[in-house]
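Here the structure is a predicted model, which means the values were calculated and not measured. The chains referred to below are lettered A, B, ... by the order of the sequence lines, with proteins before strands, and numbering in each begins at 1.
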Amino acid sequence: MMSQFSDRVIDWVKKIPKGKTASYGEIATLAGEPMAARAVGNIMGANQDPKVPCHRVIYSDGRVGRYNGNLGVKEDLLKNEGVNVTNGKIVV
DNA sequence: CGTATGACGTGCA
DNA sequence: GTGCACGCCATAC
C-alpha cells in the first residue's frame, strides 16, 4: 500500500466488471474524494498494476484517456472487452 | 515546508 | 461542437 487513497482507488478499479467502464471522477468518489479525479489519474500512471484494469477508467466525457502513456490504446482494449467505442468515445 | 506537475472535471467564450 | 482557462487532490522535487 503506498497510501490509503491510492490503495483505495486501485481497489475500486480492480472491482470494475469486464465490459464496463468507470470515470476517474467515479473512482475518486468511490475512494471518498469526489474532487480527486486528478489524483486518481495520477495514481494510475504512477502505479499501473497488471492486476488493475486501469484501461477501463475513462474521462467523464466518455472519452478514452491514456494507457501506459499511449492515447487511444484503451479504445482497442475496451472494444476487445466488449465495450462499444465509437470515435474514441464510450457508447453508453 | 513550499512549489511544480499531472492518466481530470467543469465552466465560459 | 470546439477551444481555453481555472480549480480540485495527491505525489515528487
Side-chain angles (χ1 to χ4, degrees):
Chain A
M1 137 202 306
M2 286 187 166
S3 67
Q4 191 78 95
F5 186 66
S6 60
D7 187 45
R8 197 171 292 228
V9 171
I10 290 165
D11 185 52
W12 278 110
V13 175
K14 277 159 43 176
K15 285 169 203 222
I16 300 177
K18 180 185 167 218
K20 279 216 143 183
T21 53
S23 61
Y24 293 93
E26 287 292 303
I27 300 297
T29 303
L30 293 168
E33 303 297 322
M35 293 220 147
R38 203 123 187 192
V40 174
N42 234 356
I43 292 159
M44 293 280 141
N47 201 351
Q48 33 158 248
D49 277 71
K51 302 290 290 176
V52 182
C54 37
H55 62 269
R56 285 187 196 148
V57 186
I58 57 171
Y59 281 166
S60 63
D61 305 88
R63 283 193 241 177
V64 300
R66 269 191 189 192
Y67 183 71
N68 201 298
N70 294 104
L71 193 70
V73 177
K74 282 159 70 171
E75 178 184 329
D76 192 62
L77 291 167
L78 291 168
K79 282 200 271 190
N80 208 332
E81 295 281 294
V83 181
N84 294 296
V85 187
T86 302
N87 200 359
K89 287 199 181 149
I90 307 298
V91 180
V92 184

Does A/Asp61 or A/Gln48 map to a spot on DNA chain B nearer the 5' end, using the closest nucleotide for each?
-> A/Gln48
Give the rounded distance in Å between these two atoms: [atom1] of [X] and [atom2] of [N].
X	N	atom1	atom2	answer
A/Leu30	C/dC9	CG	P	17 Å
A/Met2	C/dA12	CE	C1'	12 Å
A/Tyr59	B/dA7	OH	P	8 Å
A/Glu26	B/dA7	CD	P	21 Å
A/Arg66	B/dG9	CZ	P	14 Å
A/Glu75	B/dA7	CD	C1'	16 Å
A/Asn47	C/dA12	CG	C1'	15 Å
A/Ile43	B/dT5	CD1	C1'	15 Å

The side chain of A/Ser23 lies closest to which of these nucleotides: B/dG9, C/dA10, B/dA7?
-> B/dG9
Is the phosphate of [N], meaning OP1 or OP2, less than 4.0 Å from a side-chain N or O of [X]?
X	N	value
A/Ser60	B/dT10	yes
A/Ser6	C/dA10	no
A/Tyr67	B/dA7	no

Start with the C-alpha gap between A/Ile16 and A/Ile27, add the side-chain angles, then the distance that decides, and say whether side chain to side chain contact (heavy atoms under 4.5 Å, CB included) holds.
-> CA-CA 10 Å; A/Ile16 300 177; A/Ile27 300 297; 4.1 Å; yes
Intermediate values then yes/no, side chain to side chain contact (heavy atoms under 4.5 Å, CB included), A/Ile10 and A/Asn47 = CA-CA 9 Å; A/Ile10 290 165; A/Asn47 201 351; 3.6 Å; yes
Side chain to side chain contact (heavy atoms under 4.5 Å, CB included) with A/Val83: which of A/Leu78, A/Val92, A/Val91?
-> A/Leu78
If Ile, Leu, Val, Met, Phe, Trp and Tyr residues are connected whenever their side-chain heavy atoms lie under 4.5 Å apart, and connections chain through other members, are A/Val40 and A/Tyr67 in the same group?
-> no
Could you walk me through whether A/Arg38 and A/Asn42 pass the side chain to side chain contact (heavy atoms under 4.5 Å, CB included) test, one step at a time?
-> CA-CA 6 Å; A/Arg38 203 123 187 192; A/Asn42 234 356; 5.8 Å; no
Heavy atoms under 4.0 Å, any strand shown: does [X] hit a base, just sugar-phosphate, or nothing?
X	answer
A/Ala37	sugar-phosphate
A/Phe5	sugar-phosphate
A/Gly65	nothing

Distance-only donor-acceptor test (3.5 Å): side chain A/Arg38, base B/dC8 = yes
